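Here the structure is laid out as structure tokens; the discussion comes afterwards.
Quick caveat, the model's predicted, so the values are computed rather than measured.
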Amino acid sequence: MRELFLIGIFIFQAVCTFSQTAPNKYWVRFSDKDNSSFSTNNPSEFLSERALVRRAKSAIPITIEDLPVNSNYIQDVLAIGNIEHLHSSKWFNAITIKTTDSTLIAEIEALPFVSQVRQVRTFHSPIAPEEMLRSTAAEFESNLYGEGLDQLKQINGDYLHALGFRGEGMWIGVLDAGFKRTPVLPIFDRLYERETITEVHDYVDWDNIVTDHHYHGTYVLSTMGGYLQDSLVGTAPDAHYFLFRTEDGASEYIIEEDNWVAAIEEADSMGIDIVNSSLGYSTFDDPEQDHSYLDMDGRTTHIAIAATMAARRGMLVVTSAGNLGSSDWHYISTPGDADSILTVGAVNNLGEHAPFSSFGPSADGRIKPNVVAMGQAASFAANDSTIRQGNGTSFASPILCGMAACLWQAHPQATNMEIIDAIERSAHLYNNPNDSLGHGIPDFGKAHLYLLKKFEAQTNGILIYPNPSAGLIRFEVEGITSDIVRIYDTQGRILADLPCVYIDSSRGIGTLDLRTLGLTAGVYYLQFEQDFRIRTVRAILE
């Protein structure tokens, strides 16, 4: 089933209806990585420094699965003739090829290092324009967030934004069907001006142009990275976004799962922190490629296995649960069945299950969806720059993904699994999950406080974070609203008095900038005082 088109947001657009016979495409899997020119002892040759730092933080080893596919094997396949190499999967030790001569497949299968060949794509199917199920011009609101406010507040994302956590420094990969008109829409001007958007690769047409095909990714991106004051501000407007096209909107074949695998492997190699995937697969234009519900066990489809492998390498994978809740299929689609990822269902503004949102559990009985966010009448930026409302877990996933980036920004020492755990623990059904809402609607304020108590320094009623830090510190001081903070070194010497800047004085929440003092890395003590009440906490500067 072409689940991409079930999100209920599509505006009339001119689409040419055509039928074209394309070369057949195949997945070729190899039996080993013998005689590779790469080694796990030299991972910097095939992984970026950022990717290596992410793995080191979580003590994740470099394994043979991380080695690139043996280039000699690839060349031997291509040498058979009339074969084009599309992309590779190091995790599955496979390549995707294209050929117009199906008689060559037997020769490929006969190669001693080839363990499997399967057809993944045959031809393009016609496509007709589809009308969005719900599209109403949004009324502008006077506040900064405009139509994005309700979907932010429902998950208490405004709490983290008020503290200054809006995704800065976080890298988010967006795997989708295309990002048409993204460079010219005003809602993305800020991303391009700040150079926090990177167009990476089109795995459908095998080029680097991702902004000339489909609008689905454009809509998805607007809910996270969009910034149009008083109209719509996304859940992580300060994050850096990397755009990958993996979905062919004109048809549905299992090759799109292979495209997804290749993209997430590239995201891993680049060091991307989080991936949003508002895509799901269950049935295809070729019925022989269809999945069954029993396949939704996280261990059967390539796309689910790859999602789990990405999670094991420290990435946070967020994906939509699917929009099949009212269909005969009824259940989540893949990769939403994957383990160790966040699968997101949809609710309306009252927190009620959206009828279209797919149900769990996974085929092996795990709780799915993991959590939910607004996906019914969710606000997004359309291709004509207006703010619209639409339906789909395709919106719930990026809304949640953006806030997960903000939470991780606030707690950079956390692992991806600790971020998932905090989000689930904060949700309103955590102690009584079900198959429609999973753990329920997260509260990112609660998730933040949970991680503070887990990780950060807590002494005499004071929380400071991050700790260690580069000097810009946020604090929460119980029972004191101090005008200044006195800074001591480890010898008890007074170094300076700094003014407190309060974000919320009623709760003693504020900021302190030690960078102005020119301090070297080391341990310091911060003393808060009011009416003879004194609180002291240790801070570590990196």
Side-chain angles (χ1 to χ4, degrees), residues 3-11 131-139 141 143 145-159 216 219-220 222-224 226 231-235 276 278 280 318-327 330-333 336 342-360 367-382 386-404 423-424 426-430 432-445:
E3 196 169 333
L4 171 65
F5 293 121
L6 291 176
I7 65 174
I9 64 172
F10 285 88
I11 303 167
E131 182 181 4
M132 56 190 282
L133 299 180
R134 178 182 176 92
S135 175
T136 57
E139 296 182 1
E141 297 183 0
N143 60 67
Y145 289 86
E147 293 298 314
L149 186 62
D150 287 347
Q151 53 209 41
L152 180 74
K153 289 179 68 69
Q154 185 181 63
I155 53 180
N156 203 14
D158 50 319
Y159 179 91
H216 187 269
Y219 304 151
V220 166
S222 72
T223 67
M224 289 184 286
S231 297
L232 176 65
V233 174
T235 51
N276 180 80
S278 290
V318 184
T319 191
S320 53
N323 305 312
L324 305 175
S326 300
S327 72
H330 185 72
Y331 293 106
I332 57 170
S333 52
L342 275 175
T343 303
V344 187
V347 293
N348 61 19
N349 63 347
L350 299 178
E352 301 166 336
H353 175 257
F356 57 80
S357 185
S358 292
F359 290 80
I367 296 170
K368 292 288 179 178
N370 297 75
V371 290
V372 291
M374 193 177 297
Q376 185 172 356
S379 296
F380 69 99
T386 61
I387 307 304
R388 308 287 183 96
Q389 290 182 316
N391 300 330
T393 58
S394 285
F395 293 128
S397 181
I399 288 170
L400 192 287
C401 179
M403 283 316 308
I423 292 172
E424 290 182 343
S426 76
H428 78 295
L429 295 177
Y430 178 69
N432 189 29
N434 60 44
D435 292 338
S436 60
L437 302 179
H439 295 101
I441 301 171
D443 181 325
F444 278 86

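Legend: residues meeting side chain to side chain donor-acceptor pair (under 3.5 Å) with Thr235, ordered by chain and number and at least two apart, are absent. In this structure, Asp435 has no side chain to side chain donor-acceptor pair (under 3.5 Å) partners at least two apart in sequence or on a different chain. Under the side chain to side chain donor-acceptor pair (under 3.5 Å) criterion, Glu424 pairs with Asn370, not counting sequence neighbours.
Panel note: side chain His439, backbone Leu429; no donor-acceptor pair is recorded below 3.5 Å. Ser397 places no side-chain N or O within donor-acceptor distance of the main-chain N or O of Ser394, the cut-off being under 3.5 Å. A donor-acceptor pair is defined here as one N or O able to donate and one able to accept, closer than 3.5 Å; such a pair exists between the side chain of Thr343 and the backbone of Gly336. For Ser357 (side chain) and Ala346 (main-chain N/O), a donor-acceptor pair under 3.5 Å exists by modelled atom type.
In this structure, Met403 and Leu152 have side chains that are in contact, with non-hydrogen atoms separated by less than 4.5 Å. Taking 4.5 Å as the limit, some side-chain heavy atom of Phe444 sits within range of a side-chain heavy atom of Leu400. Counting heavy atoms from C-beta on, the side chains of Asp443 and His428 never come closer than 4.5 Å. Gln376 has its side chain within reach of Pro355: a pair of non-hydrogen atoms, C-beta onward, lies under 4.5 Å apart. At a threshold of 4.5 Å between non-hydrogen side-chain atoms, the residues Ser333 and Ser358 do not count as touching. A heavy-atom distance below 4.5 Å is found between the side chains of Phe359 and His353.
Of all heavy-atom pairs between Leu437 and Pro369, the closest is C-CG, 4.1 Å. Residues Ile367 and Gly438 come closest through the heavy atom pair CG2-CA, 3.9 Å. Taking all atoms of both residues into account, the shortest heavy-atom contact from Leu342 to Val371 is CD2-CG2, 4.2 Å. Annotation for His330 and Gly325: closest pair ND1-O, 3.3 Å, computed over non-hydrogen atoms. Residues Ser231 and Ile387 share a closest heavy-atom pair of CB-CG1, 3.9 Å. Scanning all heavy atoms of the two residues, the minimum distance from Ala378 to Ile399 falls at CB-CD1, 4.3 Å.
Phe395 contributes atom CZ, which lies 8.5 Å from atom OG of Ser278 (distance to the nearest 0.5 angstrom). Atom OH of residue Tyr331 and atom NZ of residue Lys368 lie 15.5 Å apart, to the nearest 0.5 angstrom. Of the inter-residue distances, the one linking Glu352 atom CD with Ile441 atom CD1 reads 9.5 Å to the nearest 0.5 angstrom. One distance of note links CD1 of Ile332 with CG of Leu324; it measures 10.5 Å at 0.5 Å rounding. For the atom pair Ser379 OG and Gln151 CD, the distance stands at 5.0 Å (nearest 0.5 Å). Remark: Asp150 CG to Ile155 CD1 distance equals 12.0 Å, nearest 0.5 Å.
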Step-by-step side chain to side chain contact (heavy atoms under 4.5 Å, CB included) determination, Gln154 to Val347: CA-CA 10 Å; Gln154 185 181 63; Val347 293; 3.6 Å; yes
